[in-house]
Amino acid sequence: MKEYRTIIKSPLGLIEITASDQGIVSVLFENKIEKSQSSTPEELQPQHLKEAKEQLLCWFQGKLLHFDLPIHVQGTLFQQQVWKALALIPYGQTSTYARVAAEIGKPEAIRAVGAAIGQNRLNIIIPCHRVVGARGQLTGYGGEIWRKAWLLNFEQETLGFRFKFDD
């Protein structure tokens, strides 16, 4: 599978966007970027990669609440069910691991849901940052907890609210 890459600067540091010919494959924060990779020259980038870059930049300006991009993610059927459930969590709102498990019809699979969320490679686009612990506490996030807090606060501020987290 041919892959194309671009890197954007964001308030959270560098973000690498990777695409295949079929769609967006990953959106990763700099702590997850493989240092050996370089950006694909813009003239060789598929249109959906350029569009992802533009949509993410608009999202960080508070001008975009929903992404409209072709995605090309690979995972088990269970992981894909979890990721689809994440994509349905509204902008500026949160859910819990237990609620996501219940929504996919597997209420006993809370830990498995957490593991599937941890395998999400489309940060922000598939909003795993919107999943919090049962009491509203911030829990694991591959992009680091400070980014999760920033993302949640950013969404709330865009809507005119602010989260308060228990640590």
Side-chain angles (χ1 to χ4, degrees), residues 5-19 23-35 37 52-53 55-62 64-67 69 71-104 106-167:
R5 290 178 170 71
T6 191
I7 295 176
I8 63 170
K9 291 181 182 176
S10 81
L12 299 172
L14 298 177
I15 295 177
E16 178 189 63
I17 310 165
T18 305
I24 305 305
V25 173
S26 67
V27 174
L28 301 174
F29 296 110
E30 67 183 315
N31 61 315
K32 297 284 186 177
I33 296 173
E34 295 180 24
K35 302 297 183 202
Q37 303 295 335
K53 178 179 178 178
Q55 285 187 30
L56 278 163
L57 292 172
C58 286
W59 188 89
F60 277 111
Q61 294 171 10
L64 182 75
L65 304 182
H66 306 283
F67 295 95
L69 297 165
I71 61 172
H72 184 233
V73 292
Q74 295 182 333
T76 67
L77 178 60
F78 180 80
Q79 288 172 328
Q80 291 186 24
Q81 289 174 327
V82 170
W83 299 336
K84 285 179 185 176
L86 296 179
L88 297 176
I89 302 170
Y91 183 96
Q93 295 183 27
T94 60
S95 188
T96 64
Y97 296 93
R99 204 173 310 143
V100 172
E103 287 172 6
I104 64 168
K106 300 194 184 331
E108 72 291 343
I110 298 168
R111 288 179 191 243
V113 163
I117 290 172
Q119 295 300 309
N120 173 31
R121 294 181 48 82
L122 284 170
N123 289 293
I124 303 172
I125 293 175
I126 296 180
C128 54
H129 63 276
R130 295 181 189 152
V131 180
V132 297
R135 293 182 302 277
Q137 73 276 23
L138 294 184
T139 57
Y141 186 63
E144 298 182 10
I145 291 291
W146 71 269
R147 285 191 180 105
K148 184 173 190 165
W150 190 96
L151 290 164
L152 291 170
N153 282 322
F154 174 75
E155 289 183 0
Q156 285 290 294
E157 289 172 357
T158 300
L159 296 174
F161 301 102
R162 184 151 177 91
F163 275 111
K164 183 172 183 169
F165 297 109
D166 297 327
D167 289 326

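Counting from 1, the numbers follow the sequence of the chain as shown.
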**Q** Out of curiosity, Ile145 CD1 to Thr139 OG1, how far, rounded to the nearest 0.5 Å?
**A**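 One finds 6.0 Å between CD1 of Ile145 and OG1 of Thr139.
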**Q** Side chain to side chain contact (heavy atoms under 4.5 Å, CB included) for Leu14 and Lys9? Distances and angles first, verdict last.
**A** CA-CA 5 Å; Leu14 298 177; Lys9 291 181 182 176; 3.7 Å; yes
**Q** Would you say the side chain of Tyr141 lies within less than 4.5 Å of the side chain of Ile117, judging by non-hydrogen atoms?
**A**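 SC-SC contact between Ile117 and Tyr141 ruled out.
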**Q** With side chain to side chain contact (heavy atoms under 4.5 Å, CB included) as the test, would you mind laying out the steps for Leu138 and Leu152 before giving the verdict?
**A** CA-CA 10 Å; Leu138 294 184; Leu152 291 170; 3.6 Å; yes
**Q** Give the intermediate values and the outcome of side chain to side chain contact (heavy atoms under 4.5 Å, CB included) for residues Phe29 and Glu144.
**A** CA-CA 9 Å; Phe29 296 110; Glu144 298 182 10; over 6 Å; no
**Q** How long is the span from the CD atom in Gln93 to the CG atom in Leu159, to the nearest 0.5 Å?
**A**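 Answer rounded to 0.5 Å: 8.5 Å.
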**Q** Should Val27 and Phe67 be marked as a side chain to side chain contact (heavy atoms under 4.5 Å, CB included) after you check the CA-CA gap, both sets of side-chain angles, and the distance that decides it?
**A** CA-CA 13 Å; Val27 174; Phe67 295 95; over 6 Å; no
**Q** First locate atom CG of Leu86, then atom CD1 of Ile125, and finally report the distance between them rounded to the nearest 0.5 Å.
**A**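 Spacing of CG (Leu86) from CD1 (Ile125) equals 13.5 Å.
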**Q** What's the separation between atom CD in Gln81 and atom NZ in Lys106, rounded to the nearest 0.5 Å?
**A**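 So the gap between those two atoms works out to 5.5 Å.
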**Q** Side chains of Ile124 and Ile15: closer than 4.5 Å at any heavy-atom pair?
**A** yes
**Q** What is the distance from atom CZ of Arg121 to atom CD1 of Ile24, rounded to the nearest 0.5 Å?
**A** 12.5 Å
**Q** Which heavy-atom pair separates Glu30 from Gly13 by the least distance, and what is that distance?
**A**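 Distance-wise, the nearest heavy atoms are OE2-CA, 3.5 Å.
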**Q** Which pair of heavy atoms, one from Gly140 and one from Tyr97, lies closest together, and at what distance?
**A**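 Looking at all heavy atoms of both residues, the shortest contact is O-OH, 3.7 Å.
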**Q** Please find the pair of heavy atoms, one from Ile8 and one from Leu56, that lie closest to each other, and give the distance.
**A**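 Heavy-atom minimum between the residues: CD1-CB, 3.9 Å.
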**Q** Any heavy-atom pair between the side chains of Arg147 and His129 that's under 4.5 Å?
**A** no
**Q** What I'd like to find out is whether the side chain of Leu12 reaches to under 4.5 Å of the side chain of Trp146, using heavy atoms alone.
**A**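 Counting from C-beta outward, Leu12 and Trp146 do come under 4.5 Å.
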**Q** Which pair of non-hydrogen atoms, one from Trp150 and one from Pro11, has the smallest distance, and what is that distance?
**A**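 Residues Trp150 and Pro11, closest heavy atoms: CZ2-CB, 3.5 Å.
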**Q** For Pro127 and Ala87, work out which heavy atoms get closest and say how close.
**A** CD-CA, 3.9 Å
**Q** Could you check whether the rings of Trp59 and Tyr91 sit parallel, tilted or perpendicular, using 30° and 60° as the cut-offs?
**A** perpendicular
**Q** Just how far is it from atom CD1 of Ile71 to atom CD1 of Ile126, taken to the nearest 0.5 Å?
**A**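 Reported value, rounded in 0.5 Å steps: 4.0 Å.
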**Q** Please answer whether the main-chain N or O of Gly75 pairs with a side-chain N or O of Gln80 as donor and acceptor at a distance below 3.5 Å.
**A** yes
**Q** Can you see which heavy atom on Ser95 is nearest to which on Ile89, and at what distance?
**A**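 Looks like CB-CD1, 3.7 Å.
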